[in-house]
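Below: the structure, in structure tokens.
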Protein chains: 2
Amino acid sequence: MQEYRLLLVDDEKDILKLLQYNFELEGMNVHTAQTGKDAIDLALSLIPNVILLDVMLPDIDGIEVCEILRKNPVLNNTIIIFLSARGEDYSQVAGYRAGADDYIVKPIRIKVLLHKIKALLDRNRDYNDFESINNMQIDSDRFSIMKDGKESIIPKKEFELLSYLMSSPDKVFRREEILSEVWGDAFIGDRTIDVHVRKLREKFGREIIRTVKGVGYRFMGN
Amino acid sequence: MQEYRLLLVDDEKDILKLLQYNFELEGMNVHTAQTGKDAIDLALSLIPNVILLDVMLPDIDGIEVCEILRKNPVLNNTIIIFLSARGEDYSQVAGYRAGADDYIVKPIRIKVLLHKIKALLDRNRDYNDFESINNMQIDSDRFSIMKDGKESIIPKKEFELLSYLMSSPDKVFRREEILSEVWGDAFIGDRTIDVHVRKLREKFGREIIRTVKGVGYRFMGN
DNA sequence: GTTTAGCATAACATAGCGTTAACCCATTCG
DNA sequence: CGAATGGGTTAACGCTATGTTATGCTAAAC
């Protein structure tokens, strides 16, 4: 579990301490937040591998936090696990709708939780390995792309765009899709996308991204 | 949840029936097995998207079944979820070690289970929804046509026209139909259609679209 | 043989994209 | 602190694939 960044979000300090202690024993890099707002800020700057998110928070609802985070492609590979004192169907269902990867009801059994996280992380790793397309591998931890054994560290937006396109190789993403997924609801001109595509092509070869005129762009899976 | 193949494995017929009923309501393609051996055989021939696997089985232990299945790369993209009456730490941990994606303790709440599966499937591969006629597959995600294993990326209008004609193979579409469906209410001359048909024939062979003089065009479904 | 719809080719128009350079804004650095 | 750097965005402008039209030709229908 080395090298993994973990974000704990809970309003109760005791639980934070308990969990932090246990995860640090496992060698994880643990950060904590007590409010939804802090959680979002930290998550976006830290880009953790795992977020443990309490549903009950003083300001923003944990489920809402999750929805907000899930919208940001930077956190595509982040595992989000809900914690809740409530065991009702209702909140479990809402949790999955919000894009959670798992759901755990308090009281927490540390060992179970650890193994759950390990399983999810392992799965993600495998996933990344399989997601080596066209000699290109994407490493969201480092904001870098490996192509033909050479590592390139690329700027955030380029990385986000490339990740997005690579998330479904060969699919043509429409410009509107790209705008809303990569840029959120900012008011951005069309040329901005082109420029970023251009930079990516400059770095990795003209052929990796193909234009479909009048529609959008497509990352070539071969 | 259409088109997904689900394999249910449990030794109790009542549970199988209950689950089968509920998943079929969701439009899933449900298959069942009552023993570990059957489960393995079925899984390998069916290659389901999801396997729900009871831990307690009359012959082979569910965990062992999972380990065996996980070794086979054909099932790399298959999600395996354990079901168990026992809630103990022990078997949960063993389950994740064996390569399970999730673990659910009975009694099962159908809604929770459904959302769990949906969340896992969403994170998994995209599935393709293409029709295949006459060795030609049209893939609207990719804006491309596969013919005899070769992919052609074609311009938007050509793609739209071809899709339209292929939507009902062997039907003769009248020119007015084509105009209104493919071009909307633009004021377009008749010759435009011809030219696009010509380009399609150039790319995929003269025979794929047949002219019916005085009426319109027909995509040959053979 | 005459008529007509459709074909082929080339010419044309333009939406949509590519490219460049300049700008703003943060962050870092001297 | 101002300067320098790097990323993100924009505006201007050129370019080209794509879509459309024009024109003369061919083949089918009667």
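Heavy-atom basis, side chains included; hydrogens, waters and symmetry copies ignored. Residue numbers begin at 1 in each chain, while the letters A, B, ... track the order of the sequences.
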Query raised in the report: Heavy-atom contacts under 4.0 Å between residues 188-197 of chain A and DNA chain D, which residues?
Result: A:Ile188, A:Gly189, A:Arg191, A:Thr192, A:Val195, A:His196

Backbone N or O of [Y] within a donor-acceptor pair of the [X] side chain at under 3.5 Å?
X	Y	value
A:Asn22	A:Leu18	yes
A:Arg175	A:Asp190	yes
B:Asn49	B:Thr78	no
A:Lys37	A:Asp59	no
B:Glu158	B:Pro155	no
A:Asp54	A:Phe82	no

Nearest whole Å is fine: how far is [N] [atom2] from [X] [atom1]?
X	N	atom1	atom2	answer
B:Lys213	C:dT4	NZ	C1'	6 Å
A:Arg174	C:dG16	CZ	C1'	15 Å
B:Arg210	C:dG6	CZ	P	15 Å

According to a strict under-4.0 Å criterion, is [X] in side-chain N/O contact with OP1 or OP2 of [N]?
X	N	answer
A:Tyr217	C:dG18	yes
A:Arg206	C:dT19	yes
B:Thr211	C:dA5	no
A:Arg198	C:dC17	no
B:Arg175	C:dA5	no

Query - Position toward the 5' end of DNA chain C (nearest nucleotide), B:Lys156 or B:Val215 - result: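 Mapping each residue to its closest nucleotide by heavy atoms, the 5'-most match is B:Val215.
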
Query - First and last nucleotide of DNA chain D, 5' to 3', lying under 4.0 Å from heavy atoms of chain A - result: D:dG7 to D:dT18

Query raised in the report: What residues, two or more places apart in sequence or in another chain, satisfy salt bridge (Lys or Arg N to Asp or Glu O under 4.0 Å) together with A:Lys17?
Result: none

Report task. Check A:Tyr217 against A:Leu165 and note the closest heavy-atom contact, atom names and distance. Result ->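 Shortest heavy-atom separation between A:Tyr217 and A:Leu165 comes out as O-CD2, 4.3 Å.
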
Report summary line: All heavy atoms of B:Ile47 vs all of B:Arg5, minimum pair found to be O-NH2, 2.9 Å

Name the pairs: protein N/O against N/O of nucleotides 23-25 of chain C, kept only if under 3.5 Å.
none

Query raised in the report: With sequence neighbours left out, which residue pairs that include part of residues 134-153 of chain B fulfil the ring pair (Phe, Tyr, Trp, His ring centres under 6.0 Å) condition?
Result: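 Counting only pairs at least two positions apart or across chains, the ring pair (Phe, Tyr, Trp, His ring centres under 6.0 Å) contacts touching residues 134-153 of chain B are B:Phe143-B:Phe159.
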
Query raised in the report: Which residue pairs pass the ring pair (Phe, Tyr, Trp, His ring centres under 6.0 Å) test when at least one of the two sits in residues 176-197 of chain B, sequence neighbours left out?
Result: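 For residues 176-197 of chain B: B:Trp183-B:His196.
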
Query raised in the report: Checking all strands, does A:Lys157 fall into the base, sugar-phosphate, or nothing category for heavy-atom contacts under 4.0 angstrom?
Result: sugar-phosphate

